[in-house]
Amino acid sequence: MRDQHGIQAESLVREYKGGIKAVDGIDLRIEPGEIYGFLGPNGAGKSTTVHMLTTLLPPTSGTARVAGFDIVKQGPQVRSAIGAALQEAALDPFLTGREHLRLQASLHGLSRDERKRRSTELLERVGLSLAADRKIKGYSGGMKRRLDLALALVHEPSTLFLDEPTTGLDPQSRTALWSEVARLAKGEGVTVFLTTQYLEEADVLADRVGIIHRGHIVAEGTPDELKAQIGRPTIEAVPADPDQREAIEELLLQFGTPTAGDPLSVSIRCESEADLADVIRALDAAGLHVAQIHMHEPTLDDVFLAKTGTSLEGAADEEELEAVSA
Amino acid sequence: MTSRRQVALALAYRQMTVLIKNPALFLPPMLFPLMSFLAFAGGLSRLSHVPGFRYEGGYTSFVFVFVLLQSAAFSGVFMGFNVARDFETGFARRLLIAVSHRSGLILGYALSALLRWATVAIVLTIVAVIAQMKIGGNGIDIVGMYTLAAFLNFAGVLWASGIALRLRSTQGAPLMQTPVFLALFLSPVYVPLDLLKGWIHNVATANPITYLLEAGRGFLSGNPVQVLLAFACGLGLAAFFGIWAFRGLRRAERAAG
Amino acid sequence: MRTLSQVWEIAWRSIVRTMRQPAQIIPNVTFPLLLLAINSNGLRAATHLPGFPTSSFLDFFIPIAFMQGALFASGTAGVDLARDIDNGFLNRLALTPMRGVALLLGQLGGAVALGTIQAAVYLGVGIAAGVRFETGAAGAALLFVLAVLIALGFGTLGVLLALRTGSGEAVQSSFPLLFFLLFLSSMNLPRNLISIDWFRDLATVNPVSYMIEAMRSLVIEGWNAQALALGFLFTVLMIALGLAGSALSLKTRMART
Ligand SMILES: Nc1ncnc2c1ncn2[C@@H]1O[C@H](COP(=O)(O)OP(=O)(O)O)[C@@H](O)[C@H]1O
Ligand SMILES: [Mg+2]
């Protein structure tokens, strides 16, 4: 169902018992029909945000509207307008896929006929028709995620929340889910709020990305805008002869500033408008030989690094260490 | 190279620290014998008035010995749950790889079970003394009673470990527990053997635990009976389930590669 | 109307889930039977006590099987709900227009289903083994109803425990406390034959005694209005209190706006 309202949040805060501010003043403006990627490492506050926006958890302060309804004052209306596949993909191992759909549909008040039609249609859509009458116990991770998506769609919601829908999935299941999500947004006008730890997922799937770190949104924009903020690409050259390494480094520094990289290679971040061809011509003129030379466009990880001082993977480890020592 | 004894001690040490840090694991095995003791000693004492009930020690002592044996057997079984859990978490696999004298593992679990039961037995004994249980036996008698219970503790942990080593999953818990429960209750729990009638009398007569129980009751009241038979039963049970457990260990080793 | 159909859907799921775990049902059904077989023989000598109300200990003891069945059913309901909380299934339900009360009543569906199966089995086995109802078929039917209500009552306690702790392990380890109630009741002897004062007092204030005595009266006494009234009263009270407590806990557990 086409969404008309999108999602708006203002200074959303959630403090857990013990004073942990899991979400610390988040503002959101998400357009109807947009896929918004909420990117952050483990423990950044993604699930807490989703729980607040889906009315499962009252915010400590701040307000938000989802599908045109206030998440605090109009909980039931919000819930009937949204679908959600939460992080745990909680399914009952002893029920079949079809039985799950039946339960979900009847709790949403669908009539007997509608229930049947909708179940069959959704099972078909997520590719579970054949497995529909098998117990969840035997489902793979990808099948569970797909069923979870189908369950979220039973009542034709206009807004969809997906909390780390592809974590732990193999690449094939991941792309299948991506195309289904893209179809929902582009084809049916459903607004999608999707959290992820994967740069690639945010990059490929999201219209706009918000990077969350320790409860704060540290950067927001389309993937291209974000990368453009970092701006310049990096160039990495592997000397053909290790003895020429220093000479190559000296020459490359004319084009930009040094950055960290593989110790065997020389990496710089371009400064001027120079392109790869200029660099190669200069190397050639100086009689220096390289085995390989690459130019990398900035990635979202570069953005994350620039905004937080750590890379996305490093940040996750850091959080985990904190959790262990706590 | 670590010796068998070092392996056993290290494992026992670990088990005890785990236990002390987790009251949830510690309390139920402690509560159950206390509950049984209170329920039997408090609720059933009138049974000593049944015609033909002969025991010098009083009903509290009569049930105390049963509960002591029960706590010994079940402390062993609970340790078997831990063995199974260690296999589920992969910890046991690491032990199998790290340790040169693998039989030390079984001894370590058995030692842990013994220590664990000792804490239960101490609390149980204190409660019984507070409840003014009559103690007719002398020091040697009492040592004899606790030794018999220790045999059962040993047999219990070996039996349960044997299951755990074969199934390597906590799903096997009912299989460890139920036969021990049955064996315990198919003995003269509430009244002396002569007062049991019908099939249960025959089963109890064939049940080695009956002889541990009767000798233990004899020790506590100061009239030891059938002591040699009881010790033979205790030793026999421990030896039999020892073989069972060590064979289980071989199976687990083969499965772990 | 809407709420009713929600109750039915959630109950249906709870029942299906329970029935599809035979590994869980079978021990729950058979264990009380084993205990019945053992104790009705092991304690038979009690019928020789002066003043014992019947000559068949089986008749006297059969209500305990229903009580134990109810306790197991309650544990199942509690552990199942705790698992739902733990793994997020409750959140899935909370996102639908489901009413809280539908969740509570529905969740008890599994407990009631299990309780019904158990009651039917115990009644059948009991009658086959020679239990005779002084109150005839009507009394047997009434006992059946009371047993299912008791399963529902303990089910509410299991659900309450699950909602308060949110962890299956916590439910399972507090479960022995419920058994404590059974142990400290007139389970093994009539209250007037309990000779230890503090135990008799505990059994007298323990509502479980009255549930047992109501069932027992139907078997061994004939129509005893007072025993029945007390038994039903405490059962209904337990259901009401358990539901009220659960409803309160659900409010904090499911904090949706
Ligand atoms: N129920 C809770 N009680 C206390 N702290 C919590 C709770 N849930 C999450 N947290 C903490 O809040 C922070 C954010 O968690 P979460 O929103 O789950 O992050 P994410 O989904 O991005 O991994 C973490 O530090 C986490 O430990
Ligand atoms: Mg999360």
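Just so we're on the same page: letters track the sequence lines, and every chain starts at 1.
Top candidate by heavy-atom pairs under 4.5 Å with chain C, chosen from A/Val154, A/Leu57, A/Val78, A/Leu91, is A/Leu91. Across C/Ala102, C/Pro97, C/Ala94, C/Gly88, the residue that shares the most heavy-atom pairs under 4.5 angstrom with chain A is C/Pro97. Among C/Arg20, C/Met98, C/Met19, the residue making the largest number of heavy-atom pairs under 4.5 Å with chain A is C/Arg20. Counting heavy-atom pairs closer than 4.5 Å to chain C, the top-ranked of the candidates A/Thr55, A/Asp148, A/Thr54, A/Val72 is A/Thr55. Of the listed residues A/His155, A/Gln104, A/Arg102, the one with more heavy-atom pairs under 4.5 angstrom with chain C than any other is A/Arg102. Contacts with chain C were tallied for A/Ala89, A/Ala152, A/Ser106; A/Ser106 has the most, counting heavy-atom pairs under 4.5 Å.
Residue C/Arg99 does not touch chain A at all, counting heavy-atom pairs closer than 4.5 Å. Using a 4.5 Å cut-off between heavy atoms, A/Lys135 touches chain C through its side chain atoms alone. Contact annotation for A/Leu86: only side-chain heavy atoms (C-beta onward) come within less than 4.5 Å of a heavy atom of chain C.
Classification of A/Glu10 and A/Arg29 as a salt-bridged pair holds, one side-chain N sitting under 4.0 Å from a carboxylate O. In this structure, A/Arg125 pairs ionically with A/Glu180, as a charged nitrogen and a carboxylate oxygen lie closer than 4.0 Å. For C/Arg83 and C/Asp80, the salt-bridge test passes: some basic side-chain N is under 4.0 Å from an acidic carboxylate O.
Under the 3.5 Å distance criterion, with hydrogens and angles disregarded, no donor-acceptor pair is assigned to the side chains of C/Asn206 and C/Ser185.
Relative ring orientation between C/Phe72 and C/Phe31 is described as perpendicular, the plane-to-plane angle rising above 60° on a 0-90° scale split at 30° and 60°.
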